[in-house]
> 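Shown below is the structure under consideration.
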Amino acid sequence: MPLLKFVSRMTANEIRRAYLDFFSEQGHKIVPSSPIVNKNDPTLLFTNAGMNQFKDFFLGNKTPDSRRVADTQKCMRVSGKHNDLEDVGRDGTHHTMFEMLGNWSFGDYFKEEAITWSWKLLTERLGIDPELIYATVFEGASEEGVPRDDEAKQVWLKFLPEERILLGNKKDNFWEMGETGPCGPCTEIHVDTRSREERLKVNGRDLVNIDDSGVVEIWNNVFIQFNRLADGSLENLPERHVDTGMGFERLCMILQGKQATYDTDIFTPILSQIEELSGHKYGGSYATEAKADMAMRVVADHLRAVAFTIADGQLPSNTGAGYVVRRILRRAVRYYFSFLDVKSPFLFKLIPMLVNEMGAAFPELAQQKDQIAKIIEGEEKSFLQTLDKGLSRFADLEAKDGVIDGAAAFELYDTFGFPIDLTRLLAEEQGKRVDEAGFETALKAQKDRSKADAAKSVGDWISVGEDVESVFIGYDQLEADDARITKYRTVELKGKPQYQVVLDRTPFYGESGGQAGDKGTLTVDGEDIPVYDTQKENDLTIHLVKKLPETPDGLVIAKVHAGNRQATSQHHTAAHLLHAALHEVLGKHAVQKGQDVRSKRVRFDFSHFERPSTEELQRVEDLVNEKIRQNIPLIERRDVPIAEAKESGAMMLFGEKYGDSVRIITFDPEFSSELCGGTHVPHTGELGLFKIDSESSLAAGIRRIEAVVGEVALAKVNGEMDTLVELRGLLKNSQDVVKSVASLQDENRQLKKELEKLKAAQAGNLKGELLKSVEVINGVNVIATRVDISDAATIKTMVFNLEKELGDAFILIGSENDGKPMLTLSISKELTESKELHAGNIIREIARNIKGGGGGQPFFATAGGKDAGGLDAAIAAGKEKV
RNA sequence: GGGGGAUUAGCUCAGUUGGCUAGAGCGCUAGAUUUGCAUUCUAGAGGUCAUCGGUUCGACUCCGAUAUUCUCCA
């Protein structure tokens, strides 16, 4: 039975469309979702809210082209402030990846319009019963000097009776971006999704902001009007903004009259495919015992998260965002492995279905579907292997009184990647339990260690003069002699202060698009300040320095280290040529998956399903070198409208965020044309020589090439040449070095064998003599003498052979190697037992005569020393022992 | 970025507190069995114990560095 008065017939796709259309009608520009992987903001691994891509507008670093914007944004909440990962699957509403519908005003409309439109969209366009809607507004905070948000309340009173407008506290109704930065009061819209009977029993008003109560928050309208400083105080912003966010999945749930997002048409196709492939039926239960149902939700959710992040270019890895992707994927594996009885790669089989469902709205999925499936399958395989190893390690774990040591469980988890919940599960199966406290202690210790290391405190920006938008002039100039510092701040890293400086205009290229930041100097009123790196936070170029200028408001001469920049530019151009060459040699599928351009080398990752052959790599290298020799001039076009760029067929990448106008870098229109913000050389000839250093596999379906150009390449080749020349010299100027070395190796092998034979023969002769020297003492065959063999292994062999022939024997051999004395003692096993002789003990004792020590087992021991003069005494002493 | 582990034959791995002539299974080569194949049996080849340095009479084993790799945390 539908739980709402109405049930919308709209599909998820139609609901999304309705939202965007509505705001388009209100004069909003509809923009595409930015990538789910956040590459521009070091404080954020993933996009976790719709406003992320507009952060610069709120911070005043940039002015927007349109003051009204709306979109649907792919978001992920798995780390930091919002972490929903462990809740996914347990209930019907939490997700790692979700879509956030949002509309924004940048210094344009404010509370009146925002609230009015929210109301109209929900009630008129989407048809939600007005009777079921509640709103909350900020109650005010006297300690902050922020009054109650009566403005918002006044607007709401136009649509809602007073009893359905609630006051909320700072936690629910005051929104902050982070510790510092833009913030303000917000108004939340809640919808009562309960049945009529339940509504009659309990007033919905009492259930607002209570989890799982049936009254759910669907939309938050934030009114940004303050800026939070590092000391905790608030200041008014010059311009006021609106930032809203409405969870798409939740909206669909309400409109379609469902109790869980998993029951909407966003998820039902995924769940039914999981049913089909796993053989389990989805019961939709949230009971703790309904493990399979939970597992299916986990798999459905994580599948989306993993597929979308990979589509946006984030591969699973062991650091940063990639590690988060890996963790999500592994959580899915854990659940299907434990609760769906699936023991082989499974997620990747769901990709074609996912692409069918979502590929139209998100083309990045459709176009890379094979690749995504391949990568996921590879990850699944390797984790299943890890699980396998962990299982056998678990079997070796000892349990005291049925309790598995916490430290041991932690080691299994930390070092071998075996999930703690699996350890728990396995322990339970054997009627054991895990020492949870011990585990938690160990985990906390590790977290503290990592945090202590990463300790970093960021101070407020301190404005110097006017806060104007920073202009990058580094494409055309390497020096600016009339720059000014606009602001700076102190960043403390591991107790050491460092400073970040922003200029009004700068030739410094901040690290972005895989290209390393510039180095150089800032000269402020004659004082030279080295810039050791340049970074970018969103669109802000930040110069990293170790000290601040004496006069921060002075005139700045900003000078980029030209040699370093040139070498970096050469390698960036090389990356473009390599990219194009890979397309030509391997095919169009070989697209860039990441790059790291530095002054010493370029590292280029691309998609390709198999190891390129040596011939293919050679052809790639040859082709790039051919393009270098052609000395192709750079064609740089700035401010090209994005539509025109698309039209031109220039290379664009998934997971990159492109603005309205872009820059196109072309080297031979027939060969290489890419959207790119990096720096390049004016002619390809400047690269001189291109040399591939290595080719390796990075993940399933991803290869990595490292290469060098210019001086670095030349140095490399020269180095190799020098070695070759030297080698040839050593080989008496051999014409064929390879053949010479091979024959040397061969000869060496034969000589070794021959030497061994000779040694054996020598020992054989000696053996004959020694056999003659056998004395019988106390009924034991004794040999105790010096031999003229230096090699320990040979003596060992000989002694073993002697023993074999004599039967019961006590054999003590003295020898010298490089003037160092050595003793070898062998006592037949029977004698060690019947006469209680211990070769190790004896040899330790008699080794004193040669000023040495030794040891071994009862039947064989060796000793060495420093005084060869005592050898005879040692042998005599040894004899006494029989 | 910080911790922990691993690196031994072509492959997968054993190797107990430093001292047995460093092993197993699979694979490889040869022979035997068999009409042939599979099977089985026998013999054999194959190792700078990742690299470099240190401690020690002696290091696969202990210590340090490097490389590669797995894993956890940030």
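All chains are named by letter (A, B, ...) in the order of the sequence lines, taking the proteins before the strands, and each is independently numbered beginning at 1.
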> Within this structure, what is the CG-CD distance for the pair A:D421 and A:E86, rounded to the nearest 0.5 Å?
8.0 Å
> Using the ring centroid of each side chain, check whether A:Y413 and A:F439 are separated by less than 6.0 Å.
yes
> Rounding to an integer number of Å, can you tell me how far A:F859 CZ sits from B:U21 C1'?
11 Å
> Is it the case that A:K389 places NZ or CZ above or below the six-membered ring of A:F416, under 6.0 angstrom from the centre and within 45 degrees of the axis?
no
> Please report the distance separating the C1' of B:C63 from the corresponding atom of B:U56, rounded so that it comes out in whole Å.
12 Å
> Does B:U16 have a Watson-Crick or wobble mate here (both distances under 3.5 Å), and if so which one?
none
> From CZ of A:R449 over to P of B:G2, roughly how many Å is that when rounded to an integer?
12 Å
> Determine the contact category for A:G840: base if any of its heavy atoms lies under 4.0 Å from a base atom, sugar-phosphate if only primed atoms, P, OP1 or OP2 are that close, otherwise nothing.
nothing
> Side-chain contact test, heavy atoms from C-beta onward, threshold under 4.5 Å: evaluate it for A:E695 versus A:P612 and give yes or no.
yes
> Can you give one letter per nucleotide of nucleotides 54-72 of chain B, going 5' to 3': B for a protein heavy atom under 4.0 Å from the base, S for sugar-phosphate only, - for none?
---B-------------BB
> Could you walk me through whether A:R489 and A:E537 pass salt bridge (charged side-chain N to carboxylate O under 4.0 Å, His left out), step by step?
CA-CA 13 Å; A:R489 68 178 171 189; A:E537 243 181 70; 3.0 Å; yes
> Strictly by Watson-Crick or wobble contacts shorter than 3.5 Å, is anything paired with B:G27, and which nucleotide is it?
none
> Can you tell me how far OG of A:S696 sits from CZ of A:R703, rounded to the nearest 0.5 angstrom?
7.0 Å
> To the nearest 0.5 Å, tell me how far A:N48 CG sits from A:N38 CG.
8.5 Å
> Using the C1' atom in both, what is the distance from B:C49 to B:G31, to the nearest Å?
32 Å
> Is the shortest heavy-atom distance from the side chain of A:I846 to the side chain of A:I875 under 4.5 Å?
no
> Polar atoms only, N or O, under 3.5 Å: list the protein pairs with nucleotides 6-12 of chain B and their distances.
none

> Who is the Watson-Crick or G-U wobble partner of B:U48, with both distances under 3.5 Å?
none
> What integer number of Å spans the P atoms of B:G5 and B:G23?
29 Å
> Quick one: ring pair (Phe, Tyr, Trp, His ring centres under 6.0 Å) partners of A:F860, sequence neighbours excluded?
A:F800
